[in-house]
Amino acid sequence: MKIAVIPNTGKEGAESLAETIIGEFPENCFLVRDYKCNEKIDAALVLGGDGTMLRAVKAFGDVPVLGINFGTLGYMASVEKENATEAVRKLLSGKYMVEERMMLSVTVERNGVKICESTALNDGVITRSERILSLGESFNEKLVYSFSGDGIIVATPTGSTAYSLSAGGPVAPPDMQMIITTPVCPHSIHIRPVIASGDTVVKIKLSDMAENSGMLNVDGQNVTPLYSGDEVIFARADKTAKLIFLEEKNFYDILRYKLSGEKGERK
C-alpha cells in the first residue's frame, strides 16, 4: 500500500510528525509537498485541519484521504495527532472504512456564457464587495425568494458544520443528500435557511441593478468576482469525496464533542 503523507507546513509539528511516520513505515509512506504527486497512490494521509483536507480531496481525486487533525474543530480530519502512528498501522492492516461525501459543482454564468466552474466539498459562499448585495434564489428555475444582505452560503451536508452553521444554518448528517442555503445577515426577519433535495439545481442571481457586485468563494480557496446579472449555479457533482475513517462513529457524538468542548472520550 502506497500512502502519500501531506503535512501542512503552517501547522507546528506537522512536518516533524510526517518525518516520524515515514521513518516508521518507509516502504509504504512517502512525503508529498504542494499536493503534487506523480506516483500512483492508494491513500493520502493529511496532517492539518479541515482546510488542508479540502485541498487534498480536490488534488487527489478518487484517492481516499485520511486526516490527522492539526486544526481546531477538525470534522473531516478524524484522527488526533497523538494517534497518528497507530492510525497508519490500522490503515496498512485494512482496518478502515471509506465514506463517500456529496460534492457540489459550482458554475458562474455571465450573460449566458460560462466563465468558470469548480467543485465544493463544503460550500460556495457569495458575499458582498462593498455595498449590500441584492440576490434572487431559485430551485429548479422556481424563485424561492429575493433579498438584500451580506450574501448567501450554499452548502453540502459536510459543509453544514462549517460557515453555514456559524451563520445560523442547520446541521445535517454528512451521509445525507441535500443542499443547504443559508442567508448571511439578510435585511429581513422573514428570510431563513432553506433545504433542498440533492437533485435540486440551485441558482443564485445577482439582481440587475447598479453597483450590485460581490465575490464567490468555493471551499475558502477559489475567489471569483461577481457583477450585476451574474448567475451562480449549484448542483450535485458527478464525483464524490472519499474520506477514510478507522472506526464506526456516531456523528452526533462528534458534533457534541466538537461544539461543546465536552470532556471525556470522543466516540
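What you are looking at is a predicted structure, and each value in this text was computed from that prediction instead of being measured.
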Heavy atoms, side chains only, cut-off 4.5 Å: are N28 and K2 in contact?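 Side chain of N28 against side chain of K2, heavy atoms only: no contact under 4.5 Å found.
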
Considering only heavy atoms from C-beta outward, does the side chain of D123 approach that of T156 to under 4.5 Å?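 Sidechains of T156 and D123: no contact.
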
N/O donor-acceptor pair under 3.5 Å between [X] side chain and [Y] backbone:
X    : Y    : answer
N217 : G220 : yes
D230 : R110 : no
Y145 : R192 : yes
N69  : E80  : no

Within the supplied structure, the quantity of interest is the number of heavy atoms (other residues, nucleotides, ligands) at a distance under 6.0 Å from [X] [atom1]; does it exceed 12?
X    : atom1 : result
E130 : CD    : no
D62  : CG    : no
M215 : CE    : yes

Which value, rounded to the nearest 0.5 Å, describes the distance between F70 atom CZ and T52 atom OG1?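 These two atoms lie 10.0 Å from each other.
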
Under 4.0 Å between a side-chain nitrogen and a carboxylate oxygen: does that hold for [X] and [Y]?
X    : Y    : answer
R101 : E99  : yes
K205 : E137 : no
E211 : R131 : yes

Joint cluster assignment, V232 & L133, ILVMFWY side-chain distance < 4.5 Å: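 Result: yes, single cluster for both.
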
Would you say the side chains of S228 and N212 form a donor-acceptor pair under 3.5 Å?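 Distance-only check fails for S228 and N212.
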
As a quick check of understanding, evaluate side chain to side chain donor-acceptor pair (under 3.5 Å) for S164 and T182, giving each step before the final call. CA-CA 6 Å; S164 178; T182 305; 2.8 Å; yes

Tell me the closest heavy-atom pair linking L104 and A155, and the distance in Å.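 Closest heavy-atom pair between L104 and A155: CD1-C, 4.2 Å.
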
Shortest non-hydrogen contact from G136 to S146?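 Looking at all heavy atoms of both residues, the shortest contact is CA-OG, 4.0 Å.
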
Please test I132 against D150 for side chain to side chain contact (heavy atoms under 4.5 Å, CB included), starting from the C-alpha separation and ending with a verdict. CA-CA 6 Å; I132 295 303; D150 284 358; 3.8 Å; yes

